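Have a look at the structure below before the remarks.
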Amino acid sequence: MVRVRFAPSPTGHLHIGGARTALFNYLFARHNNGKFILRIEDTDRTRSTEEYIEAIIEGMKWLKLEWDEGPLRQTDRFDVYRNYVNKLISEGKAYYCYCTPEELEQRRKDALAQGKPQKYDGRCRNKERVQEVEGSGVQAAVRFKMPQEGQVVVDDLIRGKVVFENNQLDDLIIMRSDGTPTYNFTVVVDDVDMDITHVIRGDDHLNNTPKQIHIYKALGHEIPLFAHLPMILGSDKTRLSKRHGATSVMAYKEMGYLPDALINYLVRLGWSYGDQEVFTREELIKYFSFENVGKSSAIFNPEKLLWLNSQYIIKSNPEELAQMVLPFLENAGIIHKGQKIDRQWLSRAIKTLQERAKTLLELANSLRYYIAEDVQYDEKAKAKFLNEKSRGLLIELKDALNALSDFSIYELEKLFKSIVEKHVIKLGNLAQPVRVAITGGTESPGIFEVLEIVGKEKTIKRLEKAIKAIESEN
RNA sequence: GGUCCCAUCGUCUAGCCCGGUCUAGGACGUGGCCCUCUCAAGGCUAAAACACGGGUUCGAAUCCCGUUGGGACCGCCA
């Protein structure tokens with residue numbers, strides 16, 4: 001049984017990199033009919049907050065990365081870690097270290113200045129736990145006794161076998177002098193207790209892995225398989241950060257991205273399946289494999305994400321989009337909270353806009369001229385199309401429209417064509433002024449669709465307003 | 001500085017393991033054309049890459065070595 005976990009530390013929102021790690025864990029679990037566990041690594045009590053735990057959960061839910069167990073919290077398990085630490089000490093596999101953080105800091109600086117490796121010198125390794133120190137109120141940290149000879153091999157599903165020399169490995173601290181456990185220890189203990197079979201995480205942990213393998217061995221536990229995912233970088237090839245734009249997953253929700261589009265974008269960062277670009281969730285689960293995960297880091301490219309989002313909007317049902325666009329409509333002040341809006345009509349309106357909007361935000365803004373009572377003219381558009389040249393045409397159209405009983409695309413087109421033929425002009429000569437009169441601008445779906453959705457009453461009202469606007473100019 | 005990882009169009013990638021089918025394929029973006037009532041969408045098309053240097057071989061993007069470049073880690077952070 002495959003058991004994997006996503007183990008974020010709640011020191012920030014769910015970000016792009018974390019989301020992809022979660023995604024790969026999720027896909028691997030689902031592909032293998034295994035379990036996906038969410039674990040909150042909150043041992044750093046000074047930086048972890050409840051708000052961030054909520055934020056991470058919110059992000060996971062939005063992306064529909066459903067987990068099977070958890071969220072488990074490490075702070076609930078301090079007793080467990082302490083027991084394991086005591087066990088290691090009694091077996092001689094760990095020892096008390098009386099060096100103070102300040103001393104260690106100083107030694108690190110010295111080592112750096114002299115160009116020496118920054119490694120703990122092991123001076124407390126063979127010290128007995130001395131009475132006077134215990135009595136003096138000095139709190140000791142606990143270090144893990146790392147083997148100093150031989151090699152460890154990390155068997156990685158993505159990178160293959162990576163060999164480390166044991167003498168490069170530090171006697172790392174597994175319990176702080178305040179009695180709280182540290183990361184490299186808690187991950188191993190938790191992964192052991194939770195029977196994790198595959199550790200799938202960011203590349204930045206590859207160097208921690210040999211140390212963790214020794215802890216597995218000390219605990220007498222089988223070593224899981226590892227998969228270290230390449231990093232996601234910003235446009236300047238440095239670690240993705242705020243500088244590169246939005247990094248929080250929920251920021252993309254607010255910008256009008258669809259969760260499935262983000263997922264699709266993220267999965268293709270490092271993973272591929274031939275030439276296919278767009279995948280359903282089912283396909284992703286079916287096709288996912290570490291064999292197709294690349295080794296090199298990838299640069300986050302917002303433009304491709306935008307394109308994918310537009311593809312997903314095109315593919316979506318208008319009814320679904322109607323539901324999703326509502327908050328954006330409210331935010332933009334196009335409708336007010338609680339305002340009733342005919343869903344069927346809204347869906348029809350959205351259908352005309354789907355292939356023109358790259359985000360829900362854009363969609364909402366384009367919906368404005370359908371929904372609003374009044375139109376605001378774009379000045380340039382008004383100057384170009386609402387003038388003496390078009391006045392007569394608009395009046396003629398308005399009168400004809402008034403007499404039209406069936407306000408359908410078919411009838412509207414027939415009517416427009418007859419006017420155009422009568423005056424021997426191009427359709428554009430009529431359509432553009434009408435477009436400005438109805439939408440306020442020069443860009444919109446086909447003019448007949450627009451009129452049909454706006455409806456007879458509003459269309460005529462807006463034509464009248466446009467005619468008046470032309471007349472008041474003179 | 002030490003250790004480890006990585007290297008195909010601007011970007012994401014296919015190909016690499018199992019050398020010839022690679023004149024290196026697809027996608028985003030960019031340019032052009034078509035469609036067209038505008039804007040899109042769609043179709044067609046163009047420019048654009050095997051980091052460099054040595055080997056091995058009849059033949060190397062593919063195998064080996066080196067160089068260069070980038071990244072990660074080296075905390076009583078995770």
Side-chain angles (χ1 to χ4, degrees), chain A residues 7-11 41-44 46-48 97 99-101 104-105 108 111-119 139-143 154 156 158-160 162-165 168-170 172-178 180-184 186-187 202-210 228 230-231 233 235 237-239 265 268-278 291-292 294-308 310-311 314 353-358 366 381 385 413 416 420 426-432 434-436 439 441-448 450:
Chain A
S9 64
T11 53
E41 309 227 319
D42 55 353
T43 51
D44 182 354
T46 55
R47 294 200 304 149
S48 303
C97 173
C99 304
T100 65
L104 293 167
E105 176 67 13
R108 254 194 305 275
L112 193 66
Q114 293 169 39
K116 284 192 200 155
Q118 304 172 50
K119 193 185 157 194
Q139 296 286 310
V142 178
R143 281 186 190 269
V154 178
D156 193 281
I158 294 169
R159 324 227 152 223
V162 184
V163 182
F164 292 84
E165 297 293 329
Q168 296 291 334
L169 271 25
D170 227 353
L172 79 176
I173 287 174
I174 57 177
M175 185 154 21
R176 302 180 186 99
S177 48
D178 66 359
T180 59
T182 62
Y183 165 76
N184 277 106
T186 58
V187 238
D203 215 353
D204 44 344
H205 289 290
L206 184 56
N207 284 298
N208 285 325
T209 310
H228 285 98
M231 303 264 89
L233 273 26
S235 47
K237 296 186 189 221
T238 64
R239 217 189 165 105
Y265 177 71
R268 284 284 289 103
L269 240 36
W271 177 82
S272 63
Y273 189 76
D275 287 339
Q276 191 169 340
E277 293 286 348
V278 182
E291 277 176 39
N292 300 321
K295 298 176 185 189
S296 49
S297 48
I299 293 171
F300 185 81
N301 178 205
E303 282 176 338
K304 187 156 184 181
L305 170 59
L306 227 208
W307 171 77
L308 265 170
S310 72
Q311 293 297 309
I314 289 170
L353 257 16
Q354 269 177 278
E355 61 193 32
R356 285 162 238 268
K358 291 190 190 303
S366 302
F385 292 108
E413 182 162 5
F416 269 65
V420 162
K426 286 183 185 166
L427 181 55
N429 295 129
L430 176 60
Q432 278 305 77
V434 174
R435 194 178 321 271
V436 177
T439 72
T442 55
E443 300 162 13
S444 87
I447 194 67
F448 313 124
V450 170

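Since the structure is predicted, the reported quantities are computational estimates derived from the model, not experimental observations. Naming convention: chains lettered A, B, ... in sequence-line order (proteins, then strands); numbering from 1 in each chain.
When the C1' atom of B/C39 is taken as reference, atom CD1 of A/I314 falls 13 Å away, rounded to whole Å. At whole-Å resolution of the value, NZ in A/K304 and P in B/G26 are 13 Å apart. The nearest whole Å value for the distance from the CE atom in A/M231 to the P atom in B/C4 is 19 Å. Between the CD atom of A/E355 and the P atom of B/G42 there is a distance of 8 Å, given to the nearest Å.
Comparing B/C22 with B/G15, their C1' atoms are spaced 8 Å from each other, to the whole Å. The gap from the P atom of B/C52 to that of B/A24 amounts to 16 Å, rounded to the nearest Å. Look at the P atom in both B/G20 and B/U62: the space between them is 11 Å, to the nearest Å. The separation of B/C63 from B/U57, taken at their C1' atoms, amounts to 10 Å, rounded to a whole angstrom. Straight-line distance between the P atoms of B/U67 and B/G1: roughly 14 Å, to the nearest whole Å. Nucleotides B/A51 and B/G10, compared at atom C1', are 16 Å apart to the nearest Å. Comparing B/G26 with B/C44, their P atoms sit 11 Å apart, to the nearest whole Å. The same atom, P, is picked in B/C12 and in B/A7; the two are 12 Å apart, to the nearest Å.
Side-chain atoms of A/D203 stay outside donor-acceptor range of the base of B/A72, with no qualifying N/O pair under 3.5 Å. Remark: the A/E277 side chain and the B/G26 base include a donor-acceptor N/O pair separated by less than 3.5 Å. Contact of A/R159 with B/C5 (side chain to base): no donor-acceptor pair of N or O atoms is detected under 3.5 Å. A donor and an acceptor atom sit less than 3.5 Å apart, one in the side chain of A/S177 and one in the base of B/C76.
Heavy-atom nearest nucleotides on RNA chain B were determined for A/D42 and for A/Q311, and the one closer to the 5' end corresponds to A/Q311. Between A/L427 and A/T100, the residue whose closest nucleotide on RNA chain B is further toward the 5' end is A/L427.
Within 4.0 Å of A/R268, counting heavy atoms only, lies at least one base atom of the nucleic acid. The residue A/S444 sits close to a base: some heavy atom pair falls under 4.0 Å. At the heavy-atom level, A/F448 lies under 4.0 Å from base atoms of the strands shown. No engagement by A/V154 is indicated, since no non-hydrogen atom pair under 4.0 Å with the nucleic acid exists. When heavy atoms are screened at a 4.0 angstrom cut-off, A/I447 is found touching base atoms of the nucleic acid.
When the side-chain nitrogen and oxygen atoms of A/S272 are compared with OP1 and OP2 of B/A14, one or more of them lie within a distance under 4.0 Å. At the phosphate of B/A41, OP1 or OP2 sits under 4.0 Å from a side-chain N or O atom of A/K358. Within the structure, every side-chain polar atom (N or O) of A/T180 is placed at least 4.0 Å from both OP1 and OP2 of B/C76. The phosphate of B/G75 (OP1 or OP2) has a side-chain N or O of A/R108 nearer than 4.0 angstrom.
For the residue pair A/F300 and A/L305, the shortest heavy atom distance occurs at CZ-CD2, 4.0 Å.
Under 3.5 Å, the side chains of A/T182 and A/N184 contain no donor-acceptor pair of N or O atoms.
If you check B/G10 for Watson-Crick or wobble pairing at under 3.5 angstrom, you find it paired to B/C28. Nucleotide B/G59 is matched to nothing when pairs are restricted to Watson-Crick or G-U wobble geometry with both distances under 3.5 angstrom.
Just one of A/D42, A/T43, A/T180 meets the side chain to side chain contact (heavy atoms under 4.5 Å, CB included) condition when paired with A/T186; it is A/T43.
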